[in-house]
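Have a look at the structure below before the remarks.
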Amino acid sequence: MTKKALCAIITVIPLLLCFGCAKSGCVYYSKTFFSMDTVMEITVYNEREERANELFSLCYDEILRQENLFSVSVAASDISKLNASGGESAEVAPETVSLIEKAVSVSELTGGAFDITVYPAVKLWGFYGGEHNVPNRGEIADALTFIGYKNIEFTGGVRLRKGMGIDLGGIAKGYLGDSLKSLLEKNGVKSAVISLGGNITLVGDKPDKKSWSVAVRSPFSQDEYICRLSVSGGYCVVTSGAYERYFEKDGKTYHHIIDPKTGYPAQSDLASVTVIGEDGCLCDALSTALFVMGKEKALAFLLGREDLSYVLVLEGGEVIMSDDVKE
Ligand code: ADP
Ligand code: MG
């Protein structure tokens, strides 16, 4: 499994490419996992092989632990328990309560563009495996009556109204990236890349230089990238786009980012949104929210946030990005 990092591209994931160690000859080990419906890859630099394997095993345990807490497709998870609680207060782990609170705080920040109670709509559209489906207006109207983060009640546990459900798909990978970063740092790792689908978290400095170089994939073509970003260690780069998960029916495309106000896939003038910051959990939720908000609202939001950098790719191909991450 050992590889000499002589090639430029070290990590290729569906959305982002990460470049590192070019010609420096540093040693790295990578391990790929599949969890939360996502291909995940962790790369550690300048570790012994045995140590790298220990680290991968620790990471995998953490991935499984979180999947078993947060996944809607694990029957015994806290979230499944909550979604089946029929209007009663459900006892869930304090960590689950915290993540739901964090999700609600992003809902408040984004005027409800991010809303984990979209679950009934996501389910109608068939995005939890099984058959994709175009629901009729009546079904959407029914689902909408159950969508609204303000109806999540914190009782020590969590209470949802009967018929409501939550889905942490828009924030859980961000949380996992932050957790894996802390875990690797605690274990003395000086340099690593955590790639969870459209989320990349950079741990420490790149072995041969201070900042990392991350390429944002074009939302219009799998094989091209839109730009390269210069990103410091400890930061996370998260992208959301309509082309990540979608299906086609009668010549129309339906994607998986739902506008909580309509119950339909968000009609956005953005093709993809990339958010860069230190809080991966926030960046993940915001990339989804800003996509729903569209260009004008997203820019207005971002202009007030010194802690975040961004790349917005418009449907027409125009790219608007913050100067500080330009390579
Ligand atoms: P991905 O998980 O594919 O990287 P996102 O981070 O943008 O993409 O999250 C999209 C997922 O979040 C959807 O698959 C769904 O589970 C959930 N979701 C969809 N729309 C919203 C929304 N408006 N607010 C919160 N979560 C959403
Ligand atoms: Mg997200």
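Because the structure is predicted, anything quoted here is derived from the model rather than measured. Heads up: numbering here begins at 1 and tracks the sequence. Just follow the structure's listing: the first ligand is 1, and inside any ligand the first atom is 1.
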Item checked: Asp324/Lys326 salt bridge by N-O under 4.0 Å criterion -> no
Next item on the list: With the side chain counted from C-beta on, respond yes when Ser287 and Thr274 share a heavy-atom pair under 4.5 Å apart, and no when they do not.
Entry: no
Notebook entry, point to check: When you look at Tyr235 and Val237, which way does the side chain to side chain contact (heavy atoms under 4.5 Å, CB included) test go after all the steps?
Noted result: CA-CA 7 Å; Tyr235 279 68; Val237 182; 5.8 Å; no
Next item on the list: Using a strict cut-off of 4.0 Å, indicate which atoms of ligand 1 neighbour a heavy atom of Pro260.
Entry: 23 (N)
Item checked: Metal-centred angle, the Mg ion (ligand 2) as apex - O of Asp284, O of Gly170, 10° resolution -> 80°
Note to self: Is there a polar contact, in the sense of an N or O pair closer than 3.5 Å, between Asp284 and ligand 1?
What the structure shows: yes
Checklist line | Lys/Arg N to Asp/Glu carboxylate O, Arg245 vs Asp37, below 4.0 Å | finding: yes
Item checked: His255 NE2 to Tyr246 OH distance, which is reported to the nearest 0.5 Å -> 12.0 Å
Next item on the list: Using a cut-off of strictly less than 2.8 Å, determine whether Thr288 has an N/O/S atom near the Mg ion (ligand 2).
Entry: yes
Margin query: Please list the nearest protein heavy atom to atom 19 (C) of ligand 1 with its residue and the distance rounded to 0.1 Å.
Written below: His256 O, 3.2 Å
Checklist line | Thr288-ligand 1 polar pair, N/O distance under 3.5 Å | finding: yes
Next item on the list: Identify the two heavy atoms, one from Gly263 and one from Ile140, that lie closest to each other, and give their separation to 0.1 Å.
Entry: O-CD1, 3.5 Å
Notebook entry, point to check: What protein heavy atom sits nearest atom 27 (C) of ligand 1, and how far off is it?
Noted result: Val118 CG2, 3.7 Å
Note to self: Starting from atom 2 (O) of ligand 1, what is the nearest protein heavy atom, named by residue and atom, and what distance separates them?
What the structure shows: Lys173 NZ, 3.2 Å
Note to self: With respect to Ile258, determine whether any N or O atom, backbone or side chain, lies less than 3.5 Å from an N or O atom of ligand 1.
What the structure shows: yes
Note to self: With nothing but distance in play, are any N or O atoms of Gly170 less than 3.5 Å from an N or O of ligand 1?
What the structure shows: yes
Next item on the list: Would you kindly specify which portion of Asp115 sits under 4.0 Å from ligand 1, judged on non-hydrogen atoms: side chain, backbone, both or neither?
Entry: backbone
Next item on the list: Please confirm whether the backbone N or O of Pro207 pairs with a side-chain atom of Asp205, one donor and one acceptor, at under 3.5 Å?
Entry: no
Margin query: Any nitrogen or oxygen of Ala113 lying under 3.5 Å from a nitrogen or oxygen in ligand 1? Just yes or no.
Written below: yes
Item checked: Contacting atoms of ligand 1, where contact means under 4.0 angstrom from a heavy atom of Arg245 -> 3 (O)
Note to self: I'd like to know if the side chain of Ser77 and the backbone of Ser73 have a donor-acceptor N/O pair within less than 3.5 Å.
What the structure shows: no
Check: So how far is it from Tyr254 OH to Glu248 CD, rounded to the nearest 0.5 Å?
Finding: 10.5 Å
Checklist line | Donor-acceptor contact present, side-chain Asp284 to main-chain Gly280, <3.5 Å | finding: no
Next item on the list: Considering the heavy atoms of Asp167, write down every atom of ligand 1 situated less than 4.0 Å from one of them.
Entry: 15 (C), 16 (O), 17 (C)
Notebook entry, point to check: What atoms of ligand 1 come within less than 4.0 Å of a heavy atom belonging to Ser240?
Noted result: 5 (P), 6 (O), 7 (O)
Notebook entry, point to check: Does Phe114 have a non-hydrogen atom less than 4.0 Å from ligand 1?
Noted result: yes
